[in-house]
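For reference, the structure discussed in these notes is given below.
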Number of protein chains: 2
Amino acid sequence: MNIESDKQQFRMTRQRKVILEELRKVTSHPTADQVYEMVRKRLPRISLATVYRNLETLSAAGEVLKLEVSGTQRRYDGDTSEHHHARCAMCGSVIDIPAKAFPMPKIPSEAIEGFDISGYRLELTGLCQDCRTTKAV
Amino acid sequence: MNIESDKQQFRMTRQRKVILEELRKVTSHPTADQVYEMVRKRLPRISLATVYRNLETLSAAGEVLKLEVSGTQRRYDGDTSEHHHARCAMCGSVIDIPAKAFPMPKIPSEAIEGFDISGYRLELTGLCQDCRTTKAV
DNA sequence: GTCTCTGCAAAATGTTTGCACTCAT
DNA sequence: ATGAGTGCAAACATTTTGCAGAGAC
């Protein structure tokens with residue numbers, strides 16, 4: 001096997017570049033179709049399938065995070081640094097929580113009950129500021 | 001409005017009873033169609049829609065938990081006591097982790113960055129015993 | 001008898017895939 | 001020039017819903 005064989009395989013297409021740029025711009029954790037709408041303003045002929053494929057590719061490459069939060073739709077995050085997510089029970093929006101605002105216990109190095117833990121995913125729930133100040137429903 | 005008006009509205013139909021019984025029997029966090037298969041052995045004519053409707057009703061009533069774990073399908077848990085879940089990265093199975101095996105920090109009473117936290121959902125990831133002992137893939 | 005619940009089928013939702021063409025390398 | 005990437009449409013998987021009839025209360 002060639003030493004060069006594991007070089008960059010991804011082609012930075014216009015679509016991929018714009019998707020990544022738009023995702024990096026926002027902190028709103030958009031769904032695939034929200035990304036589609038954002039990107040469509042710059043590339044009107046892009047298809048939703050391309051958005052899905054690129055979000056998959058970019059998350060596999062570690063450029064964006066694929067979030068598995070509550071709700072029916074998957075969400076994507078352009079910020080790959082360590083942080084938690086909080087989801088508003090009322091409006092469903094997802095905001096970032098800095099890791100140090102809610103420090104997690106260390107993962108035990110020994111297996112818990114036969115399960116070897118390597119990581120965790122924490123989703124906080126509650127009410128966002130908007131929904132709290134607009135309590136009157 | 002009548003003082004009696006908020007009495008029990010749920011009818012304990014045969015279908016609902018069997019679904020609850022089957023879910024209480026297992027610790028495997030089955031998906032809706034797995035529940036369907038379990039229940040079908042006792043009620044061959046039940047429909048998948050009825051299973052979905054009853055899982056919804058039972059979770060709204062607090063009798064079972066509707067889990068929002070990673071993956072494409074929703075899972076249900078007949079055990080409503082406090083515990084975490086760990087999902088095997090290899091086979092996708094979900095097991096229970098007792099709350100005291102992985103104690104969580106207290107939720108700060110003050111809002112974090114404008115977000116009023118009321119709860120959390122923790123999903124541990126790693127390898128289950130089966131997949132660890134069968135490392136050779 | 002009333003009104004919730006059921007089974008069935010059809011619809012809705014979110015995501016993935018096959019294919020011929022395009023374009024980054 | 002090559003093959004990864006694209007747009008389109010169609011397929012797919014999961015969940016929800018409309019409706020007429022059944023059954024719990």
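Because the structure is a prediction, the values reported are computed rather than measured.
Counting heavy atoms from C-beta on, the side chains of A:K66 and A:E56 come closer than 4.5 Å.
The B:A32 side chain lies nearest to D:dT15 when the options are C:dT15, D:dT6, D:dT15.
One can place CZ of B:R11 at 5 Å from C1' of D:dA24, the figure rounded to the nearest angstrom. Taking atom NZ on B:K17 and atom C1' on D:dG23, their separation rounds to 16 Å, with Å as the unit. Atom pair B:Q15:CD and D:dG21:C1' shows a separation of 14 Å (rounding to whole Å applied). Between the P atom of C:dG7 and the CD1 atom of B:I46 lies a distance of 5 Å, rounded to the nearest Å. Here C:dG14 presents its P atom at 17 Å from CD of B:Q73, a figure rounded to the nearest Å. The CZ-P distance, from A:R14 to C:dA24, rounds to 7 Å in whole Å. As rounded to whole Å, 15 Å separates atom C1' of D:dA22 from atom CG of B:L43. One can place CE of B:M12 at 15 Å from C1' of C:dT6, the figure rounded to the nearest angstrom.
Within the 4.0 Å cut-off from OP1 or OP2 of C:dT16, not a single side-chain nitrogen or oxygen of A:Y52 is found. Of the side-chain N and O atoms in B:T13, one or more sit less than 4.0 angstrom from OP1 or OP2 of C:dT6. Using a 4.0 Å cut-off, some side-chain N or O of A:R74 falls inside it from OP1 or OP2 of C:dT16. Residue A:R45 places at least one side-chain N or O under 4.0 Å from the OP1 or OP2 atom of D:dC8. The phosphate of C:dC8 (OP1 or OP2) has no side-chain N or O of B:S47 nearer than 4.0 angstrom. Contact check, B:R16 against C:dC5: a side-chain N or O comes under 4.0 Å of OP1 or OP2.
More than 12 heavy-atom neighbours from other residues, nucleotides or ligands sit within 6.0 angstrom of CZ on B:R42.
Within 4.0 Å of B:D33, counting heavy atoms only, lies no atom of the nucleic acid at all.
Note on B:V26 and B:I19: separate hydrophobic clusters, where clusters join Ile, Leu, Val, Met, Phe, Trp and Tyr whose side-chain heavy atoms are under 4.5 Å apart, directly or indirectly.
Using a 4.0 Å cut-off between charged side-chain N and carboxylate O, A:R40 and A:E37 make a salt bridge.
Residue-to-nucleotide proximity on DNA chain D shows that, of B:T72 and B:A49, the 5′-proximal contact is made by B:T72.
For the side-chain hydrogen bond (donor to acceptor under 3.5 Å, both in side chains) with A:E21, the qualifying choice from A:R24, A:K17, A:K25 is A:K17, the only one to do so.
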